[in-house]
Amino acid sequence: MKMQLKKTLSILLLGGLIAAPALKVQAGIAGYWGAIYHEDIEERIPGPEAGDYAGLPINDDARLRGDTWQSGLLNVPEHQCKPHPATYGFRGIGSLRITEEIDPVSQQVIAFHTYIEWMEQKRTIWMDGRPHPSDASPHTWGGFSTGHFEGNTLVVHTSHLKAGWIRRNGIALSDQATLDEYFFLGIDGTVLTHVSMVSDPIYLTEPFVRTNGFEWLAAAEVSSYPCRPAIELDREFGYIPHWMINSDDAREGSLGFSGRWEIPLEAARGGAHTAQPQYIDVVR
Amino acid sequence: MINKFTLNWISVSGFFHKFITSCLLLVVFIGPVFAQADLSDVEVRSYHVQGNVWLLQGAGGNVTVQIGDEGVLVVDTQFAETAPKILEEIRRLAPGKVIRYVLNTHAHSDHIGGNQIIKNAGLSFFAGGEAEETFGTGAEVIAHENAMLTMATSDPEVPFELWPTEVFIGDQYDFVFNKEAVLLFYNGRAHTNGDLVIFFRKSDVISAGDVYSTLGYPFIDESNFGHINGIIDALNTIIRIAVPVQNQEGGTMIISGHGRLADEADVVEYRDMITIIRDRVQYLIGQGMGLDEILEIRPSRDYDGRYATGNSSVAFITAIYNGLNE
């Protein structure tokens with residue numbers, strides 16, 4: 001009898017241990033999360049070099065957008081307060097806060113709200129099964145997101161995004177882009193892995209897949225980040241900085257990048273094949 | 001034969017669902033036989049933008065409707081064939097209210113075709129007075145003088161019943177309706193030479209007309225004196241007026257001539273694109289290149305995937321080139 005009880009308790013305990021992460025995932029995705037920057041830190045913190053398109057599944061149209069992009073565009077008042085779009089925000093800097101919105105009657109999760117401090121990047125992930133808006137609806141930086149759980153993984157689909165970027169050197173995304181994401185917790189619930197897959201029929205040849213890591217923060221605070229544009233340079237209203245098509249300036253980005261790092265120009269120009277692990281042999 | 005009337009239709013193509021587009025393209029190539037486009041299945045849908053303003057979509061240009069205690073104001077009227085459905089939707093949104101004004105952003109047939117039907121369903125504030133002899137019955141129809149001149153000189157001619165009853169010259173015209181200032185801005189030669197950008201100040205909504213489309217490049221109607229620089233000026237006017245709530249989002253909402261609702265950041269993206277392409281063409285002209293050489297370079301190619309429909313990038317670059325070479 002004693003042995004039987006012991007066995008039953010062991011099974012219950014084991015079952016509890018296995019079940020625990022599942023329960024934690026459902027309730028535990030909310031909270032404060034600090035970004036782990038070990039992946040692609042050069043791109044994420046100091047920022048990418050001009051003309052570095054390596055590893056991006058882009059087409060020639062995207063390359064030309066990047067080649068002719070000038071960082072001076074960011075001085076234009078209408079551009080100064082743009083936040084990262086949802087297709088980039090989780091890749092950027094700053095802590096992530098996830099809060100739940102609960103239906104007071106059913107106690108079901110209606111939505112998750114995410115907030116990243118830099119430029120107050122806000123998103124809502126609707127969990128109540130509502131449809132995506134019509135084609136006539138406006139597009140936003142966060143887009144319109146709906147989510148559901150598949151096992152312990154939060155699966156999110158986002159549409160209605162504004163035209164944005166996937167790398168901060170002018171590699172553009174169109175407003176036709178969509179985003180599919182997977183959020184899942186590590187076994188102890190202290191590490192959140194975010195997988196994003198960006199699709200864009202205009203500038204990408206295939207979905208662009210990235211992972212981002214976050215670690216749970218027991219105590220954290222997020223500040224507000226108000227932004228008001230101001231004229232920083234005396235320019236004519238409507239002046240748009242850009243390198244001219246077919247100019248040496250437009251070519252210099254990738255040429256300079258490949259020269260400085262002694263890698264083939266083809267690698268700097270990117271493309272889906274440059275994201276393959278075996279492509280490193282070509283680079284070497 | 002492609003003439004002014006048929007060219008007007010080019011700005012429409014790419015907006016309808018596929019079968020409508022096919023019908024209209026057929027019209028473009030066989031001539032101005034308007035009745036051959038079957039619009040009977042078109043559904044009209046309405047979307048509340050904000051404040052007193054609604055967006056109605058069916059076939060042709062977007063329709064903006066302002067509703068308040070004093071009645072209804074309608075910006076653009078699509079086609080005669082779809083106007084009854086527009087009217088039906090207005091009556092559903094504003095039961096018992098009288099249509100007092102129709103504003104036309106420009107003279108193209110996909111924006112004025114329903115003028116007579118919408119006008120006749122309304123009543124101007126002059127109705128019943130001596131002024132009725134001048135203005136006639138029905139809602140007042142307001143446009144820029146150049147839009148009326150376009151209608152008056154069009155071949156084939158635009159029926160007199162579609163013409164505005166009130167026109168203005170100069171770069172601005174404004175009045176108050178439904179306790180809201182309504183400002184009409186004229187930016188010179190743009191999509192045509194009679195385009196208006198209309199601002200509903202209290203609702204904080206701009207009706208842009210065809211200087212802004214989320215569906216494609218703007219159509220520069222050269223036969224009606226359109227010019228690339230006026231389109232850029234008009235977009236900059238919109239950007240000057242618009243104020244986002246936060247982080248370049250929300251706040252002033254913009255109803256495009258064709259396509260979806262937008263805010264300032266969307267117009268900025270569009271303005272940047274058009275300015276960059278204009279600058280490229282200007283640069284290539286400065287390099288001594290002719291139109292054929294410039295078309296060979298395809299100076300809009302990084303935007304064509306998003307904004308070109310059919311051969312529209314060639315027409316767009318050609319119109320830019322012609323305008324800059326005047």
Side-chain angles (χ1 to χ4, degrees), chain A residues 59-70 73 76-85 118-122 133-142 160 162-164 172-177 200-203 224-229 236-247, chain B residues 45-47 49-50 55-57 62 214-215 229 232-233 235-237 239-240 242 244 246-250 253-256 259-284 286-287 294 297-307:
Chain A
N59 59 22
D60 281 342
D61 295 344
R63 290 185 186 94
L64 183 56
R65 289 289 305 270
D67 291 346
T68 54
W69 179 83
Q70 248 192 55
L73 187 69
V76 173
E78 305 91 84
H79 285 266
Q80 289 173 16
C81 292
K82 289 162 84 170
H84 288 312
W118 187 79
M119 289 291 177
E120 303 189 0
Q121 299 164 66
K122 296 169 192 158
S134 75
D135 290 344
S137 300
H139 289 208
T140 60
W141 299 112
H160 291 74
K162 282 192 185 302
L173 272 187
S174 79
D175 63 352
Q176 311 292 303
D200 183 4
I202 307 300
Y203 291 120
S224 62
Y225 201 106
C227 178
R228 267 199 304 259
E236 187 182 349
F237 186 85
Y239 170 74
I240 308 301
H242 60 100
W243 298 123
M244 202 48 71
I245 190 171
N246 290 352
S247 68
Chain B
R45 296 201 168 110
S46 59
Y47 306 88
V49 181
Q50 59 191 18
L55 160 66
L56 271 58
Q57 290 189 326
N62 283 333
T214 66
L215 299 179
N229 288 340
I232 293 172
D233 288 345
L235 293 168
N236 281 323
T237 294
I239 292 166
R240 282 181 188 276
Q246 187 184 26
N247 301 117
Q248 281 297 307
E249 189 165 271
M253 296 305 294
I254 294 122
I255 297 175
S256 57
R260 64 175 170 82
L261 278 170
D263 61 15
E264 187 193 47
D266 299 304
V267 179
V268 166
E269 176 79 12
Y270 195 75
R271 182 274 315 263
D272 290 1
M273 175 270 293
I274 291 174
T275 303
I276 287 169
I277 294 172
R278 188 271 315 266
D279 290 353
R280 289 175 179 175
V281 174
Q282 182 76 73
Y283 168 77
L284 295 171
Q287 298 290 303
I294 292 173
I297 287 175
R298 296 178 58 223
S300 63
R301 63 181 185 268
D302 46 341
Y303 295 100
D304 286 350
R306 171 63 183 84
Y307 294 107

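In what follows, chains carry the letters A, B, and so on, assigned in the order in which the sequence lines appear, proteins first and then strands, with residues in each chain numbered from 1. Please read all numbers here as calculations on a predicted model, not as lab measurements.
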Among [options], which residue forms the greatest number of heavy-atom pairs with chain B at distances under 4.5 Å?
options	answer
A:Asn246, A:Asp175, A:Asp60, A:Asp135	A:Asp175
A:Tyr239, A:Tyr225, A:Phe237	A:Phe237
A:Leu64, A:Leu73, A:Thr140	A:Leu64

Does any backbone or side-chain atom of [X] lie under 4.5 Å from a heavy atom of chain B? Answer side chain, backbone, both or neither.
X	result
A:Ile202	side chain
A:Gln176	side chain
A:His139	both

Locate the shortest heavy-atom distance separating [X] from [Y]; write the atom from each residue and the value.
X	Y	answer
B:Gly259	B:Gln57	O-NE2, 2.7 Å
A:Lys162	A:Trp141	CD-CE2, 3.5 Å
B:Ile277	B:Tyr303	CD1-CD1, 3.9 Å

Interatomic distance, [X] atom [atom1] to [Y] atom [atom2] [nearest 0.5 angstrom]:
X	Y	atom1	atom2	answer
B:Gln282	A:Met244	CD	CE	9.0 Å
B:Ser300	B:Arg306	OG	CZ	14.0 Å
A:Arg63	A:Thr68	CZ	OG1	13.5 Å

| Side-chain H-bond candidate by donor/acceptor type, B:Gln248 with A:Glu78, under 3.5 Å | no
Go through [options] and name the one with the most non-hydrogen pairs under 4.5 angstrom from chain A.
options	result
B:Leu261, B:Ile232, B:Ile254	B:Leu261
B:Asp272, B:Thr214, B:Asp304	B:Asp272
B:Glu264, B:Arg301, B:Glu269	B:Arg301

| Under 4.5 Å from any heavy atom of chain A - which part of B:Asp279 | both
